[in-house]
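Counting from 1, the numbers follow the sequence of the chain as shown. Atoms considered below: every heavy atom in the structure, side chains included; atoms not considered: hydrogens, waters and symmetry mates. Ligands are counted one by one from 1 in listed order, and the atoms in each one are counted from 1 as well.
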Amino acid sequence: MFENLSDRLSSVFDRLTKQGALSADDVKTAMREVRVALLEADVSLPVVRDFVKAVEAKATGQAVTKSITPGQQVIKIVHDELQHVLTGDEDPGKLKIDNPPAPILMVGLQGSGKTTTTAKLAKRLKDREGKKVLMASLDTNRPAAMEQLAILGTQIGVDTLPIVKGETPVQIAKRAKTQASLGGYDVFMLDTAGRLHIDAELIAQAAEVRDVANPRETLLVVDGLTGQDAVNVAQEFDDKIGVTGVVLTRMDGDGRGGAALSMRAITGKPIRFVGLGEKMDAIETFEPQRIAGRILG
Ligand code: GDP
């Protein structure tokens, strides 16, 4: 067993010719290792296939630089291509919050880390950009979830919309909008209800809230440890609601980060932030090179 892809490739190339250009056969052998490493990192099969094809095309026939080994050279090509696939056009951490009060809609399945992420982002906007933020929970089915957001709000010093029993999510969204305008808030964040699985009611409710709130950003929160499931969830939310970005949580866990690559390649949606723990500061802007390093091992 090899520790990581770099070790594997070095070992493969030790057995292969070391001079001149990378031959098609050498590259093919190396690509077998790359394929295994990506699958072990939980990248989905169609994405692995496309990725390997792209790397193979770039690597074949490339002259081997004297200063590095063929293994290192292939690693570099793989690394660059990973970054290329993972990188979006814009600064992922820059939320569109001009024209106050700017609505941000938070969507995702129950347990994905949606409420925690809402509070983390609110704190970030307050601390880093000096924004006045209002948070509102729309999870009328789960009073505990509404309480949880209020508790987090107190903890981080961000206001939450007072809870009024008996309101519908749409009524809460409207009240949040009014309150945000009257109170001079820069941003109001709507933490929508989550469920264990995507169902018609969840989607209908989120769509209704979206139509009322007209969000500047719709951020989908997904559990980064759920691999291919996370990608399916993202695809479905994007098809039905339309999302402007993804937050991958639990990236502090054991996962190798393959979900990030599949997410970007399949949904085309940028990953904006990664959650790195339960604490309120445990969130960072998505950095492709870090995930690339993690996938390569
Ligand atoms: P929600 O149902 O989607 O709103 O999920 P919560 O925000 O209540 O989070 C569920 C659990 O996951 C809580 O115990 C959070 O502290 C935890 N959690 C959220 N984000 C992260 C993360 O990035 N890393 C880790 N380790 N735990 C997280």
message: For atom 11 (C) of ligand 1, tell me which residue out of Arg250, Glu278, Arg142, Met251 has the closest non-hydrogen atom.
response: Arg250
- prompt: So is Thr117 polar-close to ligand 1, meaning N/O to N/O under 3.5 Å?
  reply: no
field: Winner among Leu109, Thr116, Thr118, Leu196 once heavy atoms are compared against atom 13 (C) of ligand 1
entry: Thr116
Within residues 142-151 or reaching into it, pairs that qualify as side-chain hydrogen bond (donor to acceptor under 3.5 Å, both in side chains) - sequence neighbours excluded: Asp139-Arg142
task: Number the atoms of ligand 1 from 1 as they appear, then name those within less than 4.0 Å of a heavy atom of Leu276, with their elements.
output: 23 (O)
- request: Give a yes or no on whether Lys126 atom NZ has more than 12 heavy-atom contacts from other residues, nucleotides or ligands under 6.0 Å away.
  value: yes
- prompt: Can Asp191 and Ser137 be counted as having a side-chain donor-acceptor contact under 3.5 angstrom?
  reply: no
query: Any ion pair linking Lys132 and Asp186 (charged N to carboxylate O, less than 4.0 Å)?
result: no
- prompt: Between Thr267 and Gln235, does any side-chain donor sit less than 3.5 Å from a side-chain acceptor?
  reply: no
- request: Give a yes or no answer on whether the side chain of Thr168 reaches the backbone of Gln171 with a donor-acceptor pair at less than 3.5 Å.
  value: yes
- request: Please report the shortest heavy-atom distance between Ala136 and Leu161, naming the atom on each side.
  value: CB-CB, 3.8 Å
- prompt: Tell me: protein heavy atom nearest atom 2 (O) of ligand 1, and distance?
  reply: Gly111 N, 2.7 Å
Contact (N/O only, under 3.5 Å) between Thr115 and ligand 1: yes
query: Does Lys120 approach ligand 1 within less than 4.0 angstrom via side chain, backbone, both or neither, non-hydrogen atoms only?
result: side chain
- request: Answer yes or no for Ala282: is there a heavy-atom contact with ligand 1 below 4.0 Å?
  value: no
- request: May I ask you to list the atoms of ligand 1 that are less than 4.0 angstrom from any heavy atom of Gly113?
  value: 1 (P), 3 (O), 5 (O), 6 (P), 7 (O), 9 (O), 19 (C)
message: Suppose I only count heavy atoms of Ser112 and a 4.0 Å limit; which atoms of ligand 1 are within that range?
response: 3 (O)
message: If the cut-off is 4.0 Å to any non-hydrogen atom of Lys114, which atoms of ligand 1 fall inside it?
response: 1 (P), 3 (O), 4 (O), 5 (O), 7 (O)
task: May I ask you to check whether over 12 heavy atoms, not counting those of Glu201, lie within 6.0 Å of atom CD?
output: no
- request: With heavy atoms of Gly275 as the reference, note each atom of ligand 1 found under 4.0 Å away.
  value: 23 (O)
task: For Asp191 and ligand 1, answer yes if some heavy atom of the residue is under 4.0 Å from a ligand atom, otherwise no.
output: no
field: Protein heavy atom at shortest distance from atom 8 (O) of ligand 1
entry: Gln148 NE2, 3.2 Å
- prompt: Does the Ser262 side chain pair with the main chain of Val43, one donor and one acceptor, at a distance under 3.5 Å?
  reply: no
message: Counting non-hydrogen protein atoms only, what is the nearest one to atom 24 (N) of ligand 1? Give residue, atom name and distance.
response: Asp252 OD1, 2.8 Å
query: Sub-3.5 Å donor-acceptor pair from the side chain of Thr115 to the main-chain atoms of Leu149, do we have one?
result: no
- prompt: With a 4.0 Å cut-off on heavy atoms, is Gly277 touching ligand 1?
  reply: yes
